[in-house]
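The chains referred to below are lettered A, B, ... by the order of the sequence lines, with proteins before strands, and numbering in each begins at 1. Basis for what follows: all heavy atoms, side chains included, without hydrogens, waters or symmetry-related copies.
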Amino acid sequence: MSLLANLNPEQLAAVTLPNQSALILAGAGSGKTRVLTTRIAWLIQTGNVSPAGVLAVTFTNKAAKEMLTRISAMLPVSTRGMWVGTFHGLCNRLLRAHYRDAGLPQLFQILDSADQLSLVKRVLKSMNVDEDRFPPKQVQHFINGNKEEGRRASKADAFDEFGRRLCEIYAAYDEQCQREGVVDFAELLLRSFELLSKNEILREHYQGRFRHVLVDEFQDTNRLQYRWLKLLTGPGSVIFAVGDDDQSIYAFRGANVGNMADFERDFHVDNVIRLEQNYRSHGNILDAANALISNNRKRLGKNLWTSEGHGEPLRIYEAQTDGYEAHWLAEEVQALNRDGLARHEIGVLYRSNAQSRILEHALFSAGIPYRVYGGLRFFERMEIKHALAYLRLIASSEDDSAFLRVVNFPVRGIGARSLEALQDAARTGGTSLFNAVPKLAGKAGNALGAFAALIAALRKETEGLALPEIVEHMLAKSGLLAYFQAEKDGADRLENLQELVNAAATFVQEQDDAQDLASFLAHAALEAGEHQAGEGSDALQLMTVHSAKGLEFQAVFVTGLEEGLFPHEQSRNEDDGLEEERRLMYVAITRARARLYLSFSQNRMLHGQTRYNVASRFLDEIPVGLVKWLTPRMGSMPLPGPVLASARDVAKPAPRATPAGWRIGQNVVHAKFGQGVIVDAEGQGPDARLQINFGRQGMKWLALEYAKLSAA
DNA sequence: TGAGGGATGGGACCA
DNA sequence: CCATCCCTCA
């Protein structure tokens, strides 16, 4: 059968597994997506299951889309009826179909995290809560954290006064959501979980329907998602979970690797299949990754290998400053280009977004086109958010969030006082802001009345229009277009608004069922769109290690490999923080096909001051036989020659008085703490003390008189 | 209401 | 250093 051609024995075993729940430990580059999609195609082709009996769930829209594309390429039958999507997308589908049973209005709106935060702020204000004691971000985190553990406000932990207050806020927030008919991301999950657990008929219906549940990136699931999956899987159904515990890098957002072990137990998985043959990277790169990750204690265990050759050694570069590092990188990229490697085949990775600035500076100076991942996505842009708010108001009068966003944008002379009066009226009347407008009289009432009339007119005028026309009409009548036309730098925003009309047109074309406004709004919330246009151009790819997960490049630069940066400073205080950082490094290394550069810098400008760092421990964890130093090994750099143009690089950190024989930035060795860098100094003579960054041992103040220090 | 000053804080991500 | 927020003042 052609479907199974060219699968290796483990892949074949996974794809053709008999009807039983299974855990597939799929290493980086081991053909995970291929196994997942071929499994589905095989099940259908062999008559094991009909398309309607398949539920496949991923975390990102990109992954879901890719799965669908691959499946349809393999199968002649239509993929309609198959449920393939993200957790949130599928929950949305479930809740739209059973909105009444779920206790939601038919046209419920979805809040993204920015919407959610502003709703939290509004609730805090209405409860007269001190925002210094209860920072909105923290409250939001509390609410989401509890929802992801399946806990409602009445069940959330409240050990003290503070916790009880948080629970009250949580409860008030949920009430307000219910009043407005809005649902946040965590709520999508929790609400559909509750729907299925309370409603036996529905549960049994879906359990009977989905015979095969397949999960991608299983190591990233949180507790609630795991329980959701269990709930959907009936006695006659099985779960095919694919994941890699070594690539679990999202504990900070609630991912629970422990789900893999729980899954083995709960579903009586007796044969874990390991996909360890790697089709991406050269041997040296895999050996480095294997050696690094073997330093983690909590692992299910796995070793990547390739049938291809060792390839080149990994290249390590030590720079004096972040500026030199960036400059070296730019030159190296140009050299690779000259050797025929396209820019989009090169990935530049860093631990935190702040690092991109200096890299961009150097690339810009060198005239190298680049593309930075991350940042604002299409549906998150201010002008788009405003446009969507108008659409939301057209769809629903209950949506206070949308109301507040645009009631005075473009400005209509509706200030804080009028809104306060309106909010009072709404509260006493138990209605939404929009519906409270008629209760207000006087000057404020007039301005607000005009706004309400505008919305009412928009509703009437757009009735029966096609989606793109609704959007177009709203843009013109709301005053948004005029506003940005008058704006000096409004050209980009106007372009985006036009793009919104196109997005609506595309949406209508792609959907074969729901084409109404509500489903378009749900689409906008669930799929925020691309970060940046310019897909086609040949540009260097800059991104954080996190966003590089799942991607691969011919050549990869991992930059800023310094203690305190990667591994990150904060990871020391976290449970298992260091192991997660190491997995992150593992992800970074395994992105490279042929060439891998690892670079670090002795000095780095961070938060406005120069920091002196030692090389990341992760460099030590890579066997020396696999690497080649492009600079003299560790710390013995000659003083900088005439190198770089950037003013920031030329400016040396302010010299500080140091005890004779020592200087800031000097590498030293201590008998107990090992290698370190002098960061600061105080006192002279017998009182002299030095502050030294010993990397993994931490930052220490040592009295020169007692400490046994020697120059490195 | 919006421009501009001053304080503040700063990890990573997707839906 | 730089972005963001909040507050003040014209």
request  = Would you please name every residue forming a side-chain contact (heavy atoms from CB on, under 4.5 Å) with A:Leu117, sequence neighbours left out?
outcome  = A:Lys121, A:Pro136, A:Lys137, A:Gln140
key: Under the side-chain contact (heavy atoms from CB on, under 4.5 Å) test, residues paired with A:His386 that sit two or more places apart   = A:Met382, A:Arg405, A:Val406, A:Phe409, A:Leu480
inquiry  = For B:dG9, give the paired nucleotide (Watson-Crick: N1-N3 plus N6-O4 or O6-N4; G-U: N1-O2 and O6-N3; both under 3.5 Å), or none.
reply    = C:dC2
ask   = How is A:Asn408 classified with respect to the nucleic acid when contacts are heavy atoms under 4.0 Å: base, sugar-phosphate, or nothing?
value = sugar-phosphate
message = Heavy atoms only, 4.0 Å cut-off, all strands: where does A:Glu581 land among base, sugar-phosphate and nothing?
response = base
query = Looking across every strand, which nucleic acid part, if any, lies under 4.0 Å from A:Asn353 by heavy atom: base, sugar-phosphate, or nothing?
reply = sugar-phosphate
request  = Find out whether A:Gln225 and A:Phe193 are in side-chain contact, i.e. whether some heavy atom of one side chain is under 4.5 Å from a heavy atom of the other.
outcome  = no
Value in whole Å for how far the P atom of C:dC1 lies from CG of A:Asn603 = 16 Å
request  = Looking at every strand, decide which applies to A:Tyr250 at a 4.0 Å heavy-atom threshold: base, sugar-phosphate, or nothing.
outcome  = sugar-phosphate
ask   = By a strict heavy-atom criterion of less than 4.0 Å, which residues belonging to residues 540-548 of chain A are in contact with DNA chain B?
value = A:Thr544, A:His546, A:Ser547
ask   = Does the side chain of A:Glu325 come under 3.5 Å of the side chain of A:Ser599 through a donor N or O and an acceptor N or O?
value = yes
query = Is it true that the side chains of A:Tyr173 and A:Asp184 contain a donor and an acceptor less than 3.5 Å apart?
reply = yes
ask   = Which part of the nucleic acid does A:Phe252 contact within heavy-atom distance under 4.0 Å: base, sugar-phosphate only, or nothing?
value = base
key: Nearest-Å distance once atom P is located in both C:dC5 and B:dA12   = 16 Å
ask   = Partners of A:Tyr99 by ring pair (Phe, Tyr, Trp, His ring centres under 6.0 Å), sequence neighbours excluded?
value = none
query = What is the distance, rounded to the nearest whole Å, between atom CD1 of A:Ile358 and atom P of C:dC2?
reply = 10 Å
query = For A:Asp174, what residues pass the side-chain contact (heavy atoms from CB on, under 4.5 Å) criterion, not counting sequence neighbours?
reply = A:Lys147, A:Arg152, A:Tyr170, A:Glu187
ask   = Where does the chain A footprint on DNA chain B start and end, counting 5' to 3' with a 4.0 Å heavy-atom cut-off?
value = B:dT1 to B:dA15
inquiry  = Centre-to-centre under 6.0 Å for A:Tyr350 and A:Phe566, is that the case here?
reply    = no
query = Given that A:Ser352 and A:Ala528 both sit by DNA chain B, which one's nearest nucleotide is further toward the 5' end?
reply = A:Ser352
query = Whole Å only: how far is the CD atom of A:Gln609 from the C1' atom of C:dC2?
reply = 14 Å
ask   = C1' atom, C:dC2 versus B:dC13: distance in rounded Å?
value = 22 Å
ask   = When the nearest nucleotide of DNA chain B is assigned to A:Ala354 and to A:Glu527 on a heavy-atom basis, which residue is associated with the more 5' position?
value = A:Ala354
remark   = Between A:Glu527 and the options A:Lys65, A:His88, A:Arg377, the side chain to side chain donor-acceptor pair (under 3.5 Å) test singles out A:Lys65
inquiry  = Base, sugar-phosphate or nothing for A:Asn92? Non-hydrogen atoms, less than 4.0 Å.
reply    = nothing
